[in-house]
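Sequence lines set the chain letters: A, B, ... in the order given, protein chains first and strands last, and positions in each chain run from 1. Every value quoted in this text rests on a predicted model; they were computed, and no experiment measured them.
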Amino acid sequence: GDSVTQTEGLVTLTEGLPVMLNCTYQSTYSPFLFWYVQHLNEAPKLLLKSFTDNKRPEHQGFHATLHKSSSSFHLQKSSAQLSDSALYYCALSSVYAQGLTFGLGTRVSVFP
Amino acid sequence: GGIITQTPKFLIGQEGQKLTLKCQQNFNHDTMYWYRQDSGKGLRLIYYSITENDLQKGDLSEGYDASREKKSSFSLTVTSAQKNEMAVFLCASSIDGNYAEQFFGPGTRLTVL
């Protein structure tokens, strides 16, 4: 079956520094990969979605590149902001499974 | 745009009690989902429905029932609440079942005494 691995449970960093959240996956079929962000007491919202044509999706300064050779979809931002403090989920959707398969999530705390 | 509403926002139950959570969406989406969110465990799929009156089990369906009487609503029932259980139940919808963005509701926080 499908699986998503996020290796960091908690990432703490200082405002202005770069951030990278790891995401690797296993899937029998070519999946779509997503990053969802959930701020405190809010619903998860889509942050990024992989493209089929190898374009790099970007949103709110975040970007991620799907590397099929390494089965990865790492999330990056060059300069973290205080408002980036949230829970980030990597998720996978494949053709034969309904719903999304989520990783365990990475909590990001950005300090001044 | 649209919105997903979940009721109640907080639900406190007793061990063994049957509890029902409700979800409404006005996106006119075909597919709806129920996920359970536990701290450190991510989101796990309980049930989903691809159209009115359709029900499909997810990986975590044991101990739950679901109902989709209308396109816009999807209910989840905890058949027998477990003592000391605490979790957030998230409802979501998407235009179709594969590859489409899912939109989430704010969640129902369940506490079982």
Asker: Distance check, rounded to the nearest 0.5 Å: S94(B) atom OG versus L46(A) atom CG?
Answerer: 12.0 Å
Asker: Let me know if L43(B) has heavy atoms under 4.5 Å from chain A in its side chain, its backbone, both or neither.
Answerer: both
Asker: Is there a path of hydrophobic side-chain contacts, each under 4.5 Å between heavy atoms, that joins L19(B) and M86(B)?
Answerer: no
Asker: For L87(A), which atoms come within 4.5 Å of any heavy atom of chain B: side chain, backbone, both, or neither?
Answerer: side chain
Asker: Given 3.5 Å as the limit, does a donor-acceptor pair link the side chain of Y36(A) with the main chain of Q102(B), or not?
Answerer: yes
Asker: So if you build clusters from Ile, Leu, Val, Met, Phe, Trp, Tyr with side-chain heavy-atom gaps below 4.5 Å, do Y47(B) and I50(B) land together?
Answerer: no
Asker: Flag yes if F62(A) and L92(A) sit in one hydrophobic cluster, no otherwise; membership is Ile, Leu, Val, Met, Phe, Trp, Tyr, and two members link when side-chain heavy atoms are under 4.5 Å apart.
Answerer: yes
Asker: Using non-hydrogen atoms only, which part of Q37(B) is less than 4.5 Å away from chain A: side chain, backbone, both, or neither?
Answerer: side chain
Asker: Given a strict heavy-atom distance threshold of 4.5 Å, which part of Q6(A) is in contact with chain B: side chain, backbone, both, or neither?
Answerer: neither
Asker: Are there over 12 heavy-atom neighbours, none belonging to K71(B), within less than 6.0 Å of that residue's NZ?
Answerer: yes
Asker: Indicate if Y48(B) and V78(B) have the same hydrophobic cluster label, given that clusters are the connected sets of ILVMFWY residues with side-chain heavy-atom separations under 4.5 angstrom.
Answerer: no
Asker: Name the option with the most non-hydrogen atom pairs under 4.5 Å to chain B; the candidates are G103(A), P44(A), G9(A), A43(A).
Answerer: P44(A)
Asker: Which bit of Y35(B) is near chain A, if near means a heavy-atom gap under 4.5 Å: side chain, backbone, both or neither?
Answerer: side chain
Asker: Among the clusters formed by ILVMFWY side chains lying less than 4.5 Å apart, do L104(A) and Y88(A) turn up in the same one?
Answerer: no
